[in-house]
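All heavy atoms count here, side chains included; hydrogens, waters and symmetry mates do not. Note on naming: letters A, B, ... go to the chains in the order of the sequence lines (proteins, then strands), and numbering restarts at 1 for each one.
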Number of protein chains: 2
Amino acid sequence: MPAPAPQVGVAARACSTVGGVSTYAPAPAASAARTRVLDAATRLFYAEGIHTVGVDRIVTEAGVTRATFYRHFPGKEDLVRSYVQEWDARIRAEAAAGLAELTPREFLPVLVARLGQEMCGPGFRGCPFINAAAEYPDPQDPVALAIAEHRRWFRGLVVRLLEEAGVPEPSARADLLMLLRDGAMVGAALGDPAGVARSLERAVRELVSGADRT
Amino acid sequence: MPAPAPQVGVAARACSTVGGVSTYAPAPAASAARTRVLDAATRLFYAEGIHTVGVDRIVTEAGVTRATFYRHFPGKEDLVRSYVQEWDARIRAEAAAGLAELTPREFLPVLVARLGQEMCGPGFRGCPFINAAAEYPDPQDPVALAIAEHRRWFRGLVVRLLEEAGVPEPSARADLLMLLRDGAMVGAALGDPAGVARSLERAVRELVSGADRT
DNA sequence: AGAGACAGAACGAACGTTCTATCTCCCCAG
DNA sequence: CTGGGGAGATAGAACGTTCGTTCTGTCTCT
């Protein structure tokens, strides 16, 4: 999911940190300015990394002033968390849409195929969650927690899909799929995406689909 | 390979950038101070990320002054490249040592087992190359090039091992193994290492060892 | 009138980097 | 054996830049 496509403002709740008291406005909703900031941040963070892009770059590319930025976000740390959470929300929405028109048995291969396509698309730079995690080593950091929550949800989704498809050992097979997904994301970002996509599809076929059904 | 253990000063060549002219001494060899700096950098970079640790932290923990640091490294960028290259050299040395006393057929399972152990060890924070790559998106960056070179070498090693072990399709199977390795590294760093180690071992067994021999 | 976005200056801190100056140790000429 | 001399390490101040953050205004809407 490397595409910007920020049309959804899903679940962009402010979720203020306990002690954080904004000296400014009470609580601005998802305004146009806020969306522009989050979009620019998403694009820049994903393409160039998080610690390397400063708020100057973000506000400039968003066409927003610093004052506006700090009206909508307590600080950069909070923006990063929102960046992760918004990407998470986007993927959950996609998954929900896919599940609405496909059976669990059909959905898994589609998921893998879509992953392979994305890896080969332009601007692909690996999994945003994995990349972000590399920059936030502390597991207790809010950003790391948001990443962990996304991964937990995703694994849960895969387990559910495998269960409903009647695949034996759904939990162990979900672990395997996560392994393959993560490896593919990394390998495609660092090497030959097309080759990785082929390897991934083959591995999934042999390990999951081929294990009980062919 | 998360352990510090910097006893080897392998291949710590200066390799000055073309235009870089040090206004200081001609070319100091691998001195004690340089080693201490590189060791501290290795420990900090791996544990906390690269962009987050400044030279202040490094020189402080190395017990070295800034002047000494800049006598041995043209700048931080060069230190980061040395950090990657030294880790690469350490792994190559380990591989060479392993190959000296094991046959290719024996070596591969040992490699996987050792990987599983390392993942579960204390202080494990994922693959240093994958983590560093997340912070250096530009493929032309010297750091990214060093990472790519290490990965190329490692894949070559795996291909050679598979060939000499008589495994069919060594190239495709090497891609698969890389996929699994990368996935395991990421998964162990972000989730349950022991579970990932189990998944990895099982996947390798089913995909490589089990494909022609059991 | 009042809230939100705009413009832009300014803050202190940290960044990577350079400088001056003193000290220590080893090598080699005397 | 002695005693410079030079290279490397030390200490610490200081450079300019950039960082994240805050402030003072003005403008534009409803």
> Expressed in angstrom and rounded to an integer, what is the separation of Phe69(A) atom CZ from dC6(C) atom C1'?
Replying inline: 17 Å
> How many Å lie between NZ on Lys76(A) and C1' on dC15(C), as a whole number?
Replying inline: 13 Å
> Judged by atom type as modelled, is there a donor-acceptor pair below 3.5 Å linking the side chain of Glu106(B) to the main-chain atoms of Thr103(B)?
Replying inline: yes
> Out of dA9(D), dA5(C), dT18(C), which nucleotide sits closest to the side chain of Tyr70(B)?
Replying inline: dT18(C)
>> Please pick, from dT10(D), dA5(C), dT21(D), the nucleotide with the shortest atom-to-atom distance to any side-chain atom of Thr65(B).
In response: dT10(D)
> Whole-Å distance between dT17(C) C1' and Glu77(B) CD?
Replying inline: 14 Å
> Near Glu77(A) CD, under 6.0 Å, is it more than 12 heavy atoms from other residues, nucleotides or ligands?
Replying inline: no
>> Rounding to an integer number of Å, can you tell me how far Asp56(A) CG sits from dG8(C) C1'?
In response: 12 Å
> Which of the following nucleotides, dC19(D), dA9(D), dC6(C), is nearest to the side chain of Ser31(B)?
Replying inline: dA9(D)
>> Using a 6.0 Å distance limit plus a 45 degree cone around the ring axis, check whether Arg181(B) lies over the aromatic ring of Phe154(B).
In response: yes
>> If I take atom CZ in residue Arg34(B) and atom P in nucleotide dA9(D), what distance separates them, rounded to the nearest angstrom?
In response: 11 Å
> Between dT18(C) atom C1' and Phe73(B) atom CZ, what is the distance in whole Å?
Replying inline: 18 Å
> NE2 of His51(B) versus C1' of dC15(C): gap in Å, rounded?
Replying inline: 13 Å
> Are His51(B) and Phe45(B) close enough that their ring centres sit under 6.0 Å apart?
Replying inline: no
> In whole Å, what is the span from the CD1 atom of Ile50(B) to the P atom of dG16(C)?
Replying inline: 12 Å
> Counting just side-chain N and O atoms, does His72(B) come under 4.0 Å of either OP1 or OP2 of dA9(D)?
Replying inline: yes
>> Once you apply a heavy-atom cut-off of 4.0 Å, does Arg57(A) come out as touching a base, just sugar-phosphate, or nothing?
In response: nothing
> Does Arg66(B) or Arg36(B) map to a spot on DNA chain D nearer the 5' end, using the closest nucleotide for each?
Replying inline: Arg36(B)
>> What's the separation between atom CG in Asp39(B) and atom OH in Tyr83(B), rounded to the nearest 0.5 Å?
In response: 12.5 Å
>> Please pick, from dA7(C), dG4(C), dT21(D), the nucleotide with the shortest atom-to-atom distance to any side-chain atom of Arg71(A).
In response: dG4(C)
> Among dT10(D), dA9(D), dC6(C), which nucleotide sits nearest the side chain of Ala67(A)?
Replying inline: dC6(C)
